[in-house]
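Accompanying notes for the structure given below.
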There are 2 protein chains.
Amino acid sequence: MQHNQKKINSELNPNVSVDCVIFGFDLEQLTVLLIDRGEISSAFGPRMALPGNLIYDNENLDMAANRVLDELTGLNNIYLEQVGAFGDPDRIHKESDREWLKSIRAEPEARVITVAYFTLVPMSNYKPQASSFAKNADWVPVNEIKELAFDHFEILQAAKDKLKQKIKIQPIGFNLLPEKFTLSQLHRLYESILDKPLDKRNFRRKIQKLDILSSLREKQRGVPHKPSLLYEFNEEKYQELTQTGFDNFGF
Amino acid sequence: MQHNQKKINSELNPNVSVDCVIFGFDLEQLTVLLIDRGEISSAFGPRMALPGNLIYDNENLDMAANRVLDELTGLNNIYLEQVGAFGDPDRIHKESDREWLKSIRAEPEARVITVAYFTLVPMSNYKPQASSFAKNADWVPVNEIKELAFDHFEILQAAKDKLKQKIKIQPIGFNLLPEKFTLSQLHRLYESILDKPLDKRNFRRKIQKLDILSSLREKQRGVPHKPSLLYEFNEEKYQELTQTGFDNFGF
DNA sequence: TTGGATAGTGTAAATTTGACACAAAGCTAT
DNA sequence: ATAGCTTTGTGTCAAATTTACACTATCCAA
């Protein structure tokens with residue numbers, strides 16, 4: 001929309017949009033950043049929707065997804081991965097959907113294919129008021145989401161599955177944590193993504209054997225219990241590891 | 001195209017196409033069904049391309065992919081899975097590409113997003129002359145493909161990766177084999193998908209432990225060596241297995 | 001000082017993986 | 001018919017990995 005002035009010369013493609021499943025982690029559970037479409041839209045259906053927009057004709061899909069993310073959160077340089085394309089011809093059923101689409105300049109009658117992405121953002125970096133859109137945006141724990149506008153619930157499901165599968169192959173979970181984190185937080189993160197409990201000792205053993213964490217001398221402060229050591233993700237060691245064709249972070 | 005008369009009332013969407021990576025297995029190696037675009041197109045670039053087409057406004061993406069497959073091979077009810085969406089604005093560079101696009105009724109100047117699928121077909125079921133298109137179609141071993149038209153080489157790469165990854169999680173390889181097959185054929189199939197040698201005895205041990213194969217009393221006939229026992233994929237046992245949340249066919 | 005909360009640690013049994021070689025069965029050519 | 005070629009089919013042992021499981025240490029707050 002008007003946010004990104006650079007794009008104003010190019011035309012919106014009325015047939016293709018991107019939607020972003022923006023994952024965060026509040027140190028307790030996996031959350032998703034949703035847009036509240038407001039009272040009016042809610043008259044006929046779920047208020048909450050994934051952030052998304054039509055694409056411009058001069059940008060590629062990844063760029064469009066990054067733009068949507070940037071417009072909403074002000075973040076860039078973020079882990080981002082395509083989930084896939086969605087596009088039943090009858091995606092849009094309701095009058096309220098049409099109103100909403102008009103408000104984001106989409107053509108309500110057009111058949112729209114949407115390309116879904118998921119992104120992993122460290123919640124600590126997110127400034128809620130980075131853009132005017134963000135006023136209507138909220139983090140919602142994934143487990144509490146029971147319905148979404150359009151086909152967004154289906155997209156969310158696919159994104160969760162993809163993330164679950166991906167984390168077994170690459171240690172991308174770090175993108176959801178602050179730079180310094182504890183093993184317990186990482187543990188909890190894996191549990192909430194994989195949606196199953198993991199034995200504490202076995203988890204720690206396995207993650208440490210990978211040797212992609214740097215333990216800092218620093219400890220947690222101000223917690224009402226034994227403070228944990230803090231760790232950092234070690235990018236270089238990870239690169240070494242993957243360059244040997246390693247692809248099994250098997251959980 | 002004109003092949004499928006049912007669709008003639010609906011309009012083609014000029015912005016969205018599907019491309020299919022149709023995998024086969026000739027009992028030696030993994031192959032892909034490619035279209036030869038002919039001499040004229042080849043003047044400026046690779047002749048070979050993935051089969052694909054624009055979508056109609058009244059069909060969903062999976063339907064479109066199935067249609068492309070059906071038009072080319074006459075096959076339906078085939079294992080099919082989305083790879084993802086591809087769509088750089090500058091996908092189409094060459095004059096020859098434009099000519100080709102016109103010939104399939106696409107708008108050469110339009111910005112086209114393509115949604116890629118891969119499908120697994122049992123080569124034994126494929127009748128090469130099922131459609132007029134098939135005259136220009138040929139099975140090509142994946143290892144011999146060095147370039148393709150448009151961005152199709154990139155798409156092929158993504159499809160191979162997806163297949164490789166998927167086969168570690170679900171035993172979809174059976175879709176590439178005839179109903180009755182030998183363990184050696186299955187072994188060879190896994191090797192060619194994973195692109196690495198697998199120890200014969202270890203492979204057989206692992207695959208048998210899954211207990212999703214039914215051994216038939218029948219033997220191979222007419223081979224110039226000790227004949228192998230024939231096996232069938234056992235759908236029911238597989239269903240039992242997956243319904244317990246099993247997702248590791250770990251190779 | 002005590003109580004509450006979470007951090008951090010080791011071991012033993014079971015399972016899985018990886019490496020490795022030779023006899024059996026059928027076909028072909030003589 | 002026989003010898004030779006080709007591929008099938010099979011077992012074991014060592015190493016690595018996985019699973020299950022419980023108690024002490026450290027900090028904060030009351």
Side-chain angles (χ1 to χ4, degrees), chain A residues 26-29 167-169 171 177-178 180-192 194 196-232 241 244-251, chain B residues 26-29 167-169 171 177-178 180-192 194 196-232 241 244-251:
Chain A
D26 63 12
L27 303 187
E28 283 293 326
Q29 47 194 335
I167 207 175
K168 297 178 181 179
I169 292 177
L177 290 170
K180 299 172 182 180
F181 53 87
T182 72
L183 289 185
S184 295
Q185 289 164 355
L186 188 61
H187 180 204
R188 182 72 203 104
L189 173 58
Y190 271 75
E191 287 187 327
S192 63
L194 298 174
K196 71 177 181 193
L198 300 172
D199 180 84
K200 180 166 62 157
R201 279 179 287 192
N202 294 342
F203 175 81
R204 293 166 88 97
R205 171 160 33 114
K206 189 179 286 187
I207 211 80
Q208 306 229 44
K209 183 148 27 126
L210 293 178
D211 195 33
I212 52 176
L213 293 189
S214 301
S215 143
L216 305 173
R217 294 229 156 266
E218 203 175 341
K219 284 182 185 173
Q220 254 181 336
R221 300 224 31 165
V223 288
H225 55 261
K226 176 172 176 179
S228 171
L229 278 174
L230 292 171
Y231 290 80
E232 269 183 351
L241 194 58
T244 67
F246 188 83
D247 75 341
N248 182 1
F249 293 77
F251 287 95
Chain B
D26 63 9
L27 303 187
E28 284 292 326
Q29 48 195 335
I167 207 175
K168 296 178 182 180
I169 291 177
L177 291 170
K180 299 171 182 180
F181 53 86
T182 72
L183 288 185
S184 295
Q185 289 164 356
L186 188 60
H187 180 203
R188 181 73 203 103
L189 173 58
Y190 271 76
E191 286 187 328
S192 63
L194 297 174
K196 71 178 182 192
L198 300 172
D199 179 84
K200 179 167 61 159
R201 277 179 288 191
N202 294 342
F203 174 82
R204 293 166 90 98
R205 175 173 21 136
K206 190 178 288 187
I207 211 79
Q208 306 230 42
K209 182 147 30 119
L210 293 177
D211 194 34
I212 51 175
L213 294 189
S214 301
S215 143
L216 305 173
R217 295 229 153 267
E218 203 175 342
K219 283 181 185 175
Q220 254 181 334
R221 300 222 33 163
V223 288
H225 56 261
K226 177 173 175 178
S228 171
L229 278 175
L230 292 171
Y231 290 80
E232 267 184 354
L241 194 57
T244 66
F246 188 84
D247 75 341
N248 183 2
F249 293 78
F251 286 95

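The sequence lines fix the lettering, A, B, ..., with proteins before strands; numbering per chain opens at 1. As a basis for the values below, the full set of heavy atoms in this structure was taken, side chains included, without hydrogen atoms, waters or symmetry mates.
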Checking B/Tyr231 against B/Leu177 for the side-chain contact (heavy atoms from CB on, under 4.5 Å) test, could you report, in this order, the C-alpha distance in whole Å, the side-chain angles of both residues, the deciding distance, and whether it holds?
CA-CA 11 Å; B/Tyr231 290 80; B/Leu177 291 170; over 6 Å; no

Do B/Glu218 and B/Glu232 have side-chain heavy atoms sitting under 4.5 Å apart?
no

Nearest-Å distance for atom pair CG/P, residues A/Asp199 and C/dG10:
15 Å

Nearest-angstrom distance from the residue atom CG of A/Leu198 to C1' of D/dA20
14 Å

d(B/Phe203 CZ, B/Gln208 CD) to nearest 0.5 Å is 9.5 Å

Rounded to the nearest angstrom, tell me the gap between atom CD in B/Gln208 and atom P in D/dT8.
14 Å

Heavy-atom nearest nucleotide on DNA chain D taken for A/Arg205 and for B/Thr182; more 5' hit belongs to B/Thr182

Hey, does the side chain of B/Ser184 come within less than 4.0 Å of D/dT7's phosphate (OP1/OP2), counting only N and O?
no

In whole angstrom, give the distance that lies between atom NZ of A/Lys209 and atom P of C/dG10.
15 Å

Report which part of the nucleic acid A/Leu183 touches: base, sugar-phosphate, or nothing (heavy-atom distance under 4.0 Å, all strands).
nothing

Are any non-hydrogen side-chain atoms of B/Ser192 and B/Arg188 less than 4.5 angstrom apart?
yes

Roughly how many Å is it from CG in A/Leu210 to P in D/dT18, rounded to a whole number?
10 Å

Rounded to the nearest angstrom, tell me the gap between atom CD in A/Gln185 and atom C1' in C/dG8.
15 Å

Distance from A/Asp26 atom CG to A/Gln185 atom CD, nearest 0.5 Å?
11.0 Å

Nucleic acid contacts - residues 212-228 of chain A versus DNA chain D, non-hydrogen atoms under 4.0 Å:
A/Lys219, A/Val223, A/Pro224, A/His225, A/Lys226, A/Pro227

Between the base of C/dA21 and the side chain of B/Arg201, is one N or O donor paired with an acceptor at under 3.5 angstrom?
yes

Looking at B/His187 and B/Leu198, would you say the former's side chain and the latter's main chain have a donor-acceptor pair under 3.5 Å?
yes

Atom-to-atom span, NZ of A/Lys200 to P of D/dC23 - whole angstrom:
14 Å

Euclidean distance, atom CZ of residue B/Phe249 to atom P of C/dT16 [Å, nearest integer]
14 Å

Determine the minimum heavy-atom distance between B/Leu229 and B/Leu216, stating which atoms define it.
CD2-O, 3.7 Å

N/O donor-acceptor pair, side chain A/Arg204 with base C/dA7, under 3.5 angstrom:
no

